[in-house]
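Everything on this sheet refers to the single structure shown next.
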Protein chains: 2
Amino acid sequence: MDYQKQLQNYFAEADENCLPGLSIDCVIFGFSNNQLKVLLLRWKYTEEWGLPGGFIYKTESVDVAAQRILKERTGINKLFLQQFHTFGDDVRYNREEISRKLHWPDPATRRWPNRTVSIGYFALVDFSKVTPTADFLTDECRWWDVENLPSLLFDHNHVIEVALKTLRVQLSWQPVGYNLLPEKFTMPELQRLYETILNRPLDPRNFSKKMRALGIIERLEEQRRGGAYKSPYLFRFDKEKYKKALKEGNLAFS
Amino acid sequence: MDYQKQLQNYFAEADENCLPGLSIDCVIFGFSNNQLKVLLLRWKYTEEWGLPGGFIYKTESVDVAAQRILKERTGINKLFLQQFHTFGDDVRYNREEISRKLHWPDPATRRWPNRTVSIGYFALVDFSKVTPTADFLTDECRWWDVENLPSLLFDHNHVIEVALKTLRVQLSWQPVGYNLLPEKFTMPELQRLYETILNRPLDPRNFSKKMRALGIIERLEEQRRGGAYKSPYLFRFDKEKYKKALKEGNLAFS
DNA sequence: ACTGAATATGTACGGCATACATAAAGCTTA
DNA sequence: TAAGCTTTATGTATGCCGTACATATTCAGT
């Protein structure tokens with residue numbers, strides 16, 4: 001079955017079984033190499049990148065749809081996933097332009113309305129546990145530095161902006177950051193993560209003090225060997241204490 | 001024209017000109033008599049209360065629709081209005097039950113889908129400037145104490161809960177409260193507002209100190225006379241300084 | 001063994017949040 | 001008109017938290 005046919009089937013199925021005029025966009029953040037990253041998809045036979053997204057089945061809750069879409073389109077399963085904004089401008093993109101860029105079927109073959117309202121979710125994932133995989137709609141799935149994104153389809157650059165803002169605010173309230181790191185990490189790595197998200201340098205002495213004062217991470221005896229220079233200690237989140245602290249609401253970070 | 005006819009027209013018009021399966025709900029907060037209030041509507045010929053809401057025209061942005069709906073259904077114009085969450089559970093209410101309760105036309109006469117995703121907005125308004133007015137769909141429009149709401153239509157009790165939570169968080173970041181007060185107010189009134197929203201008592205000495213330290217209110221020479229006991233000074237927000245402080249981001253309140 | 005680059009850590013200062021109690025105002029009423 | 005009642009207005013002391021800041025240590029590489 002050729003791509004055009006597949007596309008037509010995909011849309012036909014969506015027209016039939018999904019909520020009309022509504023979609024979901026997922027902004028998936030990862031962290032690696034001292035850089036905050038976003039997972040993007042490149043549509044088949046094009047050079048056009050965009051966020052993973054999809055439609056909501058008529059009998060499916062929006063939250064569940066977001067998880068499903070994430071899974072279907074990137075292989076990522078069940079994780080920190082949070083609705084952050086609904087994008088409802090009357091002209092979020094030019095339908096003709098998109099169809100052309102993506103070699104989509106003639107608009108006439110679709111019942112899809114000329115306008116789509118999109119619900120934005122963002123996810124935080126452990127970079128090292130994700131194997132980006134392209135699906136049948138896409139040629140490529142890979143991480144991009146947040147600081148260096150290409151011009152994206154639809155209003156996806158804007159969507160990412162808003163997600164980033166939300167992430168920054170949330171970081172001040174709870175160490176969401178822990179979803180972005182592997183199980184064991186060093187203090188400098190944690191600091192680098194915070195610096196990247198908050199987009200400003202932090203003092204290592206104060207950072208360490210504060211993080212350890214929160215009482216939700218524990219230092220292991222283990223050190224990370226092999227890198228050049230002094231070996232840093234490894235840390236681990238104490239999930240019990242983290243949850244407890246969350247309930248008591250004393251996890252603000254500024 | 002009788003009510004049934006009007007209802008049918010209303011829905012026919014919505015089916016024709018609005019986005020299908022999407023709606024807006026507005027939670028309008030006001031403050032009076034040391035109580036946080038929400039504006040609710042009572043549907044015609046029923047005892048059923050709910051939030052003001054409506055649909056989005058096909059060529060209208062969601063934000064604009066929210067403003068329009070607010071205006072149409074409560075007479076309130078242009079104010080602090082902010083999207084806070086999109087409610088997308090697959091079963092947010094029982095369609096049959098609602099139709100019966102509200103004496104809506106036979107579902108068969110409507111193309112409207114059995115499910116609606118709703119975008120929630122909340123507004124903060126100066127209680128003294130609002131004259132609640134019922135529209136053609138409703139018999140009554142009035143303020144209810146947040147602490148003492150009836151059981152509402154749809155999932156509106158839940159929507160209000162979420163709006164309240166959002167309001168509390170926002171209050172810690174910026175004195176949104178000022179939208180809820182008349183132009184001139186006393187320090188105790190301001191404190192009562194904060195206490196109500198945050199749902200805990202505050203120390204008057206510390207509160208006053210902090211509020212004045214923010215540098216965004218000014219004390220007038222004027223005092224509020226006529227009440228029994230000592231006359232309190234009046235204050236006013238300094239909008240210039242407020243905006244400036246907002247930009248610099250130093251308005252946190254904890 | 002020396003070098004270079006990163007890691008680890010303590011102290012002093014200032015500001016902000018908190019706790020806490022009393023005097024003054026102004027209407028009421030006796 | 002004086003006493004009483006209730007609300008308003010306000011200052012100080014304490015401790016914690018955020019911030020600024022510099023040096024010794026580690027360890028791979030040469």
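In what follows, every chain begins at residue 1, and chains take the letters A, B, ... in the order their sequences are listed. Just so we're clear, the structure is a prediction, and the values are computed from it rather than from any experiment.
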* Please give, in whole Å, the distance from D:dT8 C1' to B:Phe207 CZ? -> 14 Å

* Phosphate OP1/OP2 of C:dT9 contacted by A:Arg219 side-chain N/O (<4.0 Å) -> yes

* **Nucleotide C:dT7, atom P - distance to CG of A:Asn206 in whole Å** => 17 Å

* Given atom CZ of A:Phe235 and atom P of C:dT9, what is their separation to the nearest angstrom? -> 7 Å

* Asked: At their closest point, which heavy atom of B:Thr74 faces which heavy atom of B:Thr133, and how far apart are they?
  -> O-OG1, 3.4 Å

* To do: Answer yes or no: is there a side-chain heavy-atom contact under 4.5 Å between A:Thr86 and B:Val62?
  => no

* How is B:Arg224 classified with respect to the nucleic acid when contacts are heavy atoms under 4.0 Å: base, sugar-phosphate, or nothing? -> nothing

* To do: Give the nucleotide from the list C:dG10, D:dG11, D:dT10 with an atom nearest to the side chain of B:Arg212.
  => D:dT10

* **Nearest-angstrom distance from the residue atom CD of B:Gln191 to P of C:dT18** => 13 Å

* Please round to the nearest 0.5 Å and tell me the distance separating atom CZ of B:Phe235 and atom CD1 of B:Ile216. => 12.0 Å

* Heavy-atom closest contact (B:Asp155 atom, B:Phe87 atom, distance) -> OD2-CB, 4.2 Å

* To do: To the nearest Å, give me how far apart CZ (B:Arg192) and C1' (D:dT6) are.
  => 12 Å

* Asked: Rounded to whole angstrom units, what separation is found between the CE atom of B:Met187 and the P atom of C:dA25?
  -> 19 Å

* Asked: Closest approach of A:Leu220 and A:Tyr233, non-hydrogen atoms and distance?
  -> O-CD2, 3.6 Å

* How many Å lie between NZ on A:Lys209 and C1' on D:dC17, as a whole number? -> 9 Å

* **Between P of D:dT7 and CG of B:Asn34, the distance in whole Å** => 11 Å

* Taking the inter-plane angle between the rings of A:Phe154 and A:Tyr93 on a 0 to 90° scale, is it parallel (under 30°), tilted (30 to 60°) or perpendicular (over 60°)? -> perpendicular

Give the table of side-chain donor-acceptor pairs shorter than 3.5 Å for residues 140-147 of chain A, with sequence neighbours excluded, one pair per line with atom names and distance.
residue, atom, partner, partner atom, Å
A:Glu140, OE1, A:Arg42, NE, 2.8
A:Glu140, OE1, A:Arg42, NH2, 3.0
A:Asp145, OD1, A:Lys37, NZ, 2.8

* **Sugar-phosphate or base contact per nucleotide [nucleotides 22-30 of chain D; S, B, -; heavy atom under 4.0 Å]** => B--BBBS--

* Asked: Any side-chain N or O of A:Lys210 under 4.0 Å from OP1/OP2 of D:dG18?
  -> yes

